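Worksheet: the structure to be examined is printed underneath.
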Amino acid sequence: MTEASRNPLDEVLERLDALSKSRGLTRDDVLDLGELSAATGLGTREIRTLLRGGRVRERKVGETAPRRVNFLYERLVRESGRRPADIVGEVAARLGVTGAWARSLLQGGKCPNVPHLAALADYFGVSLTFFTDPPLEALTRELRPVVGRLESEPAGRGLDDPLTALVGEHGARAIAARGGGPALTRTQREAIARFVVDFVTDSEPGR
C-alpha cells in the first residue's frame, strides 16, 4: 500500500498493533467491539470489516444522521428500560417540536437540522460529530484514545487488568476463564472484578 493510499485508520491500527505486540497483547485484548459500536453508532459487523481493512457503505449526512439518532434512541430504550413515550416526550420538549415529529425523528424518519443535532448531542451525551462522521472517521476517532492509553503504559506490560489486580489484592492463586468460548472483554472483566469486590466486602465480618 502506497503512502498516498493510506488513510488515518490504517495508521492508527498500525500503531495500535505495534503497541499491543510490545505489551504482549492482541487487538482482542484491547478492543471491545460493543464499546466501539456504542461510541461510533456503527454495527459490530461494520467495525469488524473496517478493522480487517475492508470497506463499508458511506452514506450522505442526510442518511447518516437519522440512522445515528435512531441508534442512540433504541440503545437508550434497551439499556434504560424506560418507556419510549417518556423519551419521546423529553426529546420533543428539548427540541421544541411536537411529540409526533419527535417520534418520527427518533425512529429515523426525519433528518434533524443543526440546532436539533446540537440539542440531541446534549441529550444523549455524545459529540456533534457522532451524527455526521463517516464510518472510517468515526472508528478512527474512537481508536485514538485506545492508542493513547497504550502509549501511557510502560513497554513490556499490558494494560492494568482488573482481574489480575483483584488476584493480588485478595490473595487468590489464579482466576482463569475456562471453556471453549470467546475470551472475556475488558468490560466484562471489569464487571466481574466489581462483582467480586462487592461480594468480598459484603462478606467481611461486622458487615
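Computed from a predicted model, the values in this text were never measured in an experiment. Counting from 1, the numbers follow the sequence of the chain as shown.
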Smallest separation among heavy atoms of [X] and [Y], with atom names:
X: Leu9; Y: Leu143; answer: CD1-CD1, 3.6 Å
X: Leu106; Y: Asn70; answer: O-ND2, 2.9 Å
X: Lys110; Y: Leu105; answer: O-CD1, 3.6 Å
X: Leu120; Y: Pro112; answer: CD1-CB, 4.2 Å
X: Leu33; Y: Thr44; answer: O-CG2, 4.0 Å
X: Val61; Y: Pro66; answer: O-CD, 4.0 Å

- Task: Could you please spell out the steps behind the side chain to side chain donor-acceptor pair (under 3.5 Å) verdict for Tyr73 and Gln107?
- Result: CA-CA 8 Å; Tyr73 167 65; Gln107 292 175 346; 5.2 Å; no
- Task: State whether Asp133 and Arg68 are salt-bridged, where the test is any N-O pair (Lys NZ or Arg NE/NH1/NH2 against Asp/Glu carboxylate O) under 4.0 Å.
- Result: no
- Given the rule in the salt bridge (charged side-chain N to carboxylate O under 4.0 Å, His left out) test, do Arg82 and Glu90 qualify, once you have shown the distances and angles that lead to the verdict? CA-CA 12 Å; Arg82 299 176 58 197; Glu90 289 179 351; 2.6 Å; yes
- Message: Would you say CZ of Arg67 has more than 12 non-hydrogen atoms from neighbouring residues, nucleotides or ligands within 6.0 angstrom?
- Response: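 Open.
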- Determine, using the 4.5 Å side-chain heavy-atom cutoff (strictly less than), whether Leu136 and Phe130 are members of one ILVMFWY cluster. no
- Task: Determine whether the side chains of Thr26 and Asp29 contain a donor N or O and an acceptor N or O closer than 3.5 Å.
- Result: yes
- Item | Pairs meeting criterion side chain to side chain donor-acceptor pair (under 3.5 Å) with involvement of residues 45-59, two or more places apart | Arg57-Glu63
- salt bridge (charged side-chain N to carboxylate O under 4.0 Å, His left out) with Glu151: which residues, sequence neighbours excluded? Arg15
